Every structure is written in C-alpha cells, then in structure tokens.
Amino acid sequence: MSLSRSNAIDTILNRMEPDVPTSNDRIASFFGCNTFNDEAMKKYMAEDTYLSVKAIIQSGAKLDRELADKVADAMKSWAMEKGASHYAHWFQPWTGRTAEKHDSFFSLTPGGEIIEEFGGSELAQQEPDGSSFPGGGLRSTFEARGYTAWDPSSPAFILEVGDGKTLCIPTIFVTYSGQALDYKLPLLKSQSYLEEAAVSVCQYFDKAINKVTPTLGWEQEYFLVDEALFNSRPDLVMAGRTLIGRFSPKGQQLDDHYFGSIPERVYAYMRDMETECHKLGIPVRTRHNEVAPGQYELAPMFEEVNVAVDHNQLLMDIMERVAKRHKLCVLMHEKPFAGVNGSGKHNNWSMSTNTGKNLLKPGKVPGKNLQFLTFFVNTIAAVHKYADVLRASVASASNDHRLGANEAPPAIISVFIGETLTQVLDSVEAGKDFSDADVARVKDLLDKIPDLQLDNTDRNRTSPFAFTGNKFEIRMVGSTFNCAAPMTIINTIVGKQLRVFKADVDALVSKGEILDVALLKVIKKYITESKAIRFEGDNYSDEWAKEAEKRGLSNFPNTPEALDAYVSESVEALFTESGVFSKHELHAHHEVLLENYILKLQIEARTLSEMCSSGVLPAAFDYQARLVDNALGMKELGFEKSAFEPQMDIINRLANHIGSLKSLLVKMSEEVANADELGDSRSSALAFSNKVRPIMDEIRTHADDLEFFVDDRDWPFAKYRELLFIK
Ligand code: ADP
Ligand code: MG
C-alpha cells in the first residue's frame with residue numbers, strides 16, 4: 001500500500017530534522033578533489049606519460065596499449081588512495097540517464113593470491129552487456145552485447161554513495177560494430193565536425209586559431225517536495241508528475257516565490273548538493289527560487305560541451321541522491337503540476353578558440369567584428385534551415401506538456417536577436433555592392449555593437465532560441481533531457497552551415513573578389529534567406545502562431561510528429577555526410593524515442609487508471625454512502641425534503657462524476673489496447689497522443705472535481721497545497 005496522505009502529513013509533523021553535515025570550508029580547498037584532474041594526473045603520472053596523455057586529450061587521437069596501462073595504473077593508485085574499492089565505466093544510454101556497472105579492483109590469481117587489478121584494457125574497454133538498454137534494433141539478439149570505451153576528454157571521477165566509493169570512467173557506449181547506442185558518441189563526433197569547419201572559417205580572420213570548442217552552460221530547473229508526500233502519490237512515484245490533483249487556490253499568481261528568500265530546509269539541501277558537485281569539479285555557481293512555488297534553479301560556469309554534458313548528467317544523479325538525505329524528493333519532470341510553471345533546462349551555447357576568443361562575443365577591437373558577424377549569421381542560417389531537427393531533439397512525452405503552454409517557448413522555433421543586432425543585420429542587408437566605403441561603413445557599425453548592447457538589456461523571455469549578448473540560449477530543452485541531444489544537433493547544423501559558407505566565400509574569392517567583400521556578400525545573402533526565422537515579438541501569443549504559419553515555419557506540438565524530422569531526407573543527408581549518425585543509427589534513435597514516448601504514456605495511463613479505481617472512486621463511494629445515510633436518516637426522522645436537499649445535491653454531483661469517470665476509464669483502456677495493437681511505433685505513438693491523452697485529460701477533470709467535493713479527511717492523495725507549500 002502506498003503511504004496514505006494522513007500518514008504522510010503525520011510523518012512530516014513528527015519528523016526530527018535530518019542530521020546532515022554542513023561544511024564551511026572554502027570551495028577552492030576541495031573543488032575537484034574527487035576528479036582525476038590535471039593536478040592528480042601530474043602527481044600520479046611520470047612526466048612523459050602525463051605529457052602524452054595531455055596531447056591525446058588535445059588532439060583526440062587514440063591511446064596505445066602501453067600508454068593505457070600507465071594511465072590505468074596512475075588512476076588506480078589515485079582512486080585506491082582515496083578509498084575506492086570498485087571501478088565502473090560510466091555511460092549515457094538512450095534511456096536519458098546514466099548507467100554504470102561496477103567491477104571490483106580486487107581479484108584472485110589462479111594460485112589464490114589476492115591482487116588488485118586494473119590495467120589499460122580495463123580502462124579502455126568493457127563489455128557491460130547491457131542488452132536491456134534501448135537499441136532501436138541496432139543490436140540483433142545474437143550480438144546483443146554493448147561495449148563501452150574510454151573517452152579521455154572527460155575526466156574520471158570518484159562517486160561516493162554512502163560509504164562506498166567507485167572510480168567512474170566516462171565512456172561511450174557502442175555496438176560490436178561501433179554504432180552509437182548512447183548520447184555521447186554522436187556528441188563527440190558533432191563536436192569535431194563543428195570544430196573543423198569553424199577553424200577553417202576562422203582562418204579568414206586569424207591564422208593563429210587552430211582549435212575551436214563548442215561551449216555549454218546549462219541552467220537546471222527542478223521542484224522539491226517532501227519525501228513523505230511524494231510517496232503518498234503513486235503518480236509521482238511512477239510517472240514523475242501528478243496525473244490528477246485539483247489546483248490549489250494559491251499557486252504562483254502572487255509571484256511571491258520568484259527570487260524570494262530560500263526556505264531553510266531547501267537552503268540546507270542546496271548547500272549539501274553544491275558541495276557534492278564541487279567535489280566532482282562541477283562548477284555550479286548560481287541558485288535561486290523559480291516562478292512556481294517549490295521550484296528552484298541552479299547554473300554552473302560554462303564548460304566545453306562534452307564536459308558540461310557529463311556534468312549535467314552527473315548533477316541530476318547527485319540532486320536525487322542528496323535529496324534523500326534531506327527527506328526530500330527532486331521532481332525533475334518538465335511538468336509535475338498542472339497550472340503552475342514547468343521546468344526547463346536552458347542550454348547556453350557558444351564557441352571558443354584556442355586564442356581565448358568567444359566567437360559569438362562582439363569585441364572592442366576596431367575592424368575585427370566581421371568574424372563575430374560571420375558566426376552569428378551562420379548560426380541563424382543553420383537554425384533556419386534545420387529548425388525541424390532541432391525541435392525533434394527536444395521532443396518527449398514530458399516536454400510536450402511544456403512547449404507551447406504559455407510558460408515556455410512554443411513548439412515553433414524562431415530566433416530572437418534584439419534591437420541592436422536587428423539594426424546591424426538590416427544595415428548589412430541594405431549594402432549594395434560593398435564598395436570600399438560600404439565595407440568601412442559596415443565595419444564601423446560592427447565596432448559599435450558592444451557599446452550599443454550595454455544599453456540594450458532587452459531580452460525576450462518568450463523566445464525559444466535567443467541571442468543573449470555573447471551566446472545563444474536554447475530554451476526549449478526539457479529539464480529531464482540529456483543536453484547532448486540538442487547540442488549534437490546545434491553543433492552539426494552549424495558545422496554544415498559553416499562549410500557551405502566557406503565554399504560560397506571561396507567561390508567568390510576565386511573569381512577575384514576581395515575577401516571582405518566576398519564575406520559581406522555571402523553574409524548579406526544569408527541574412528535575406530533566413531529572415532523568416534527571426535522574431536522579436538511575443539512568442540506566447542496566438543498571432544505569432546498564425547504569422548509563423550504564413551512564414552512557412554513548422555509547428556509540431558506533439559512528439560510523434562516532431563520526431564519525423566530525424567528521418568527526413570535532408571536530415572539523413574546531413575548526418576550521413578557529417579558522419580555524426582549513420583542512417584541506421586538515425587532510424588534506431590528515432591525508434592527508441594518513439595518507443596520511449598509510448599512507454600511513458602502506457603505507464604501514465606495505467607497509473608491513472610489504478611489511482612482512480614482504487615483511490616478516487618473508493619473515496620467518492622465512502623463519502624457518498626455517508627451522505628446517503630445522512631439523508632435517509634433525516635427522512636426517517638420526518639424532515640422535509642428541502643432540509644436534506646444539500647446532501648441530495650452533492651450525492652447527485654458525486655454520482656455524475658463517478659459515472660463519467662467510470663465510463664472514461666473503460667474508454668481509456670480500450671484506446672490503450674488499440675494503440676498497443678498497432679504494428680508500427682509511429683502509429684502507436686500517434687494513437688497515444690491523439691486518442692489516449694485527451695481521455696486522460698477528461699478523466700482528470702472529473703477526478704479533480706471529486707477532490708473538491710469529497711470529505712477532505714477521506715481524500716487519499718496529497719493535495720496540491722500540501723505538495724507545493726509544505727516545506
Ligand atoms: P544570465 O544573465 O542569463 O544569468 P549568465 O551570463 O549568468 O546569463 O549565463 C547564464 C548561463 O550561460 C550560465 O550557465 C553561463 O555559464 C552560461 N554562459 C555564459 N557564457 C557562455 C558561453 N560563452 N558559452 C556557453 N555558455 C555560457
Ligand atoms: Mg536563462
């Protein structure tokens with residue numbers, strides 16, 4: 001039996017403060033102490049080993065066996081000195097979270113001698129089997145094994161769970177023939193694809209640039225609820241969101257939670273969680289209350305994209321684990337509560353060079369901002385051409401509740417750049433022949449951007465893809481997502497766009513055009529071509545949906561349709577050409593995402609059905625029976641009918657809701673069965689979206705009305721006011 005609501009509230013009222021150690025040590029004194037970082041490598045490796053490993057991390061080259069042995073040895077000594085007993089390849093399968101299989105360092109020789117073993121081969125590769133991870137048909141049953149292989153670009157770390165310590169090695173997860181089964185391999189490939197193109201374009205401006213790295217700074221939103229209340233809600237336990245629950249009279253309308261003072265218990269949790277993050281080298285920096293009651297946000301310093309992705313994955317794990325110590329539960333779901341804001345994960349993205357320059361930051365050096373303009377306009381052009389696949393990368397059953405729900409960006413992708421840059425682009429577009437004077441005029445204008453931007457703090461909070469001064473902020477990403485999904489897409493589409501740009505500029509130069517003129521001519525052309533994607537107005541308005549349609553922009557509010565983009569012809573061509581996904585991998589990934597959608601809705605429908613049948617209806621029946629007894633008793637005592645009219649009225653209302661609820665439950669289970677029977681995943685997912693979801697919504701309205709009428713003492717599930725306001 002799940003914890004009853006009244007027991008949950010008793011538990012909270014009688015609970016002792018959890019005893020959680022806090023530390024006031026300076027962050028710098030322990031930051032990264034559980035990562036095999038540069039300092040640890042220097043300490044535990046011979047100098048030549050250290051230098052070779054660094055070179056490999058820089059170049060992305062393969063590690064030979066001899067070097068792998070040396071690295072493994074150093075890592076083992078470091079980890080064992082820190083008290084680790086096991087090691088694990090840590091990876092990011094298509095489940096969206098992380099996975100690890102622990103092996104002990106401890107081993108026995110055939111002679112029975114105890115040894116502690118961890119060599120280059122254990123470091124480099126493992127066969128976790130993992131045939132139960134989603135593969136979308138990439139693995140046939142006779143070759144179901146998956147393999148993990150070390151990704152030296154992300155540092156190994158020690159995961160502490162209770163007293164146990166495990167050396168975790170970030171890895172990619174592939175099939176026997178090397179096809180990706182995870183988020184990490186495509187991400188790494190997209191990164192090199194972008195880097196190569198970006199470096200070659202940078203050569204127009206600065207010969208010293210020989211490396212470009214995409215950067216990511218995420219912002220993570222989440223809710224916290226008391227553990228006891230969480231456990232009284234089968235829907236939170238099973239589906240991560242409330243499937244029923246009447247809106248509480250007070251929600252977020254007073255805006256009194258946003259940036260308000262952080263409740264003490266939550267503050268203790270945040271500090272504890274941040275300490276764990278810092279030990280693992282995750283540079284979290286900011287924390288605050290979000291708009292909805294019980295909602296919070298944290299953000300780190302940005303990092304190289306692959307490391308930032310690992311850190312966000314690790315963070316989600318840490319958040320949940322630390323919450324347990326505080327008798328709290330983290331709700332990472334995009335929409336845990338109807339009627340209050342959901343949670344997203346903004347992905348701030350840019351590119352930085354080996355010379356320390358952020359390619360999306362307009363600089364103050366006169367005449368040097370053509371480089372900024374180039375990367376800025378090419379990003380917009382890429383989003384214009386490939387908006388659909390970017391949309392697909394943030395599609396999921398849970399994010400469908402958020403996108404387009406007037407609290408988060410719509411499902412229509414557009415780009416916001418602000419007034420200053422709009423003027424700059426308009427002005428470049430107005431350039432005709434780019435004579436010497438015209439080029440000088442544009443350069444002069446570009447030089448003024450940093451100063452103009454200082455005065456122009458206007459930021460459109462409703463835009464799904466906004467330029468925020470020195471980076472683009474992708475706001476459609478769901479709070480549960482692996483950031484790698486949208487990051488892989490943005491890297492790839494910009495990588496492709498920069499190649500097209502390079503070819504276009506080179507073609508003009510080879511015809512004798514001066515470089516600056518060629519650059520501006522091509523940029524001008526892209527500004528014109530990609531205009532439809534730019535929108536500065538209110539993305540939440542109905543007018544925008546109409547306007548977007550006129551402009552020919554896509555609008556896919558539902559996941560099954562949004563996902564089609566992954567297997568469209570142009571996207572297949574893009575990914576096979578770039579090598580980021582093979583056609584086979586794309587289709588497998590598409591299949592996994594559809595299956596995931598179906599599974600999520602199946603779980604939700606079953607949970608809803610169970611909660612109604614064994615919780616809502618019995619509570620309604622009990623209360624109804626009491627009212628019937630009451631009315632009958634009054635009648636027997638000789639009261640006029642009008643005296644028990646109020647009871648009769650409620651009995652009637654209950655009967656109506658009970659009747660509707662019951663028949664909707666039958667209808668839902670029929671629709672679920674129909675959807676399950678459809679052969680292909682896309683049709684099945686569509687049936688869940690178009691047929692099952694609307695019935696779930698209808699069921700909810702009846703259940704929520706019953707919650708209003710039924711005696712508060714009888715209601716089995718924690719109510720919204722309790723979930724959102726008991727801290
Ligand atoms: P805001 O004013 O929106 O709070 P911040 O500058 O604090 O903006 O940044 C918000 C997020 O953007 C943080 O996670 C930060 O690390 C990240 N960020 C800042 N600069 C970059 C960059 N060049 N590349 C990627 N992310 C960045
Ligand atoms: Mg933000």
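Please read all numbers here as calculations on a predicted model, not as lab measurements. Keep in mind that the numbers below use all heavy atoms, side chains included, and drop hydrogens, waters and symmetry copies. Both counts, for ligands and for their atoms, begin at 1 and track the order of listing.
Contact annotation: for K471 versus ligand 1, heavy atoms closer than 4.0 Å belong to the side chain alone. The side chain of N358, and not its backbone, has at least one atom closer than 4.0 Å to an atom of ligand 1 (non-hydrogen atoms only; side chain from C-beta on).
Surrounding NZ of K211 are more than 12 heavy atoms belonging to other residues, nucleotides or ligands, all under 6.0 Å away.
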Dump the intermediate steps for salt bridge (charged side-chain N to carboxylate O under 4.0 Å, His left out) on D447 and K443, then the final yes or no.
CA-CA 6 Å; D447 289 343; K443 284 191 165 180; over 6 Å; no

Would you sort out whether Y296 and F223 count as a ring pair (Phe, Tyr, Trp, His ring centres under 6.0 Å), showing the intermediate values?
CA-CA 6 Å; Y296 309 93; F223 281 84; 8.1 Å; no

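The aromatic rings of H333 and H401 sit tilted, their planes meeting at an angle between 30° and 60°.
Numbered from 1 in the order shown, with element, the atoms of ligand 1 that lie under 4.0 Å from a heavy atom of G217 read 14 (O), 17 (C), 25 (C), 26 (N). Close approach of ligand 1 to M301 is summarised as follows: ligand atoms under 4.0 Å from at least one heavy atom of the residue are 16 (O).
Selection from F302, W349, F472 by nearest heavy atom to atom 20 (N) of ligand 1 gives F302. The closest non-hydrogen atom to atom 11 (C) of ligand 1, taken over V305, L360, N348, comes from N348.
Summarising the geometry, atom CD1 belonging to I282 is positioned 10.5 Å from atom CD belonging to Q313; distances are rounded to the nearest 0.5 Å.
Not a single heavy atom of T468 sits less than 4.0 Å from an atom of ligand 1.
On a distance-only criterion, A299 and ligand 1 share no N/O pair closer than 3.5 Å.
Geometrically, R325 does not engage Y269 in a cation-pi contact defined by less than 6.0 Å to the ring centre and at most 45° from the axis.
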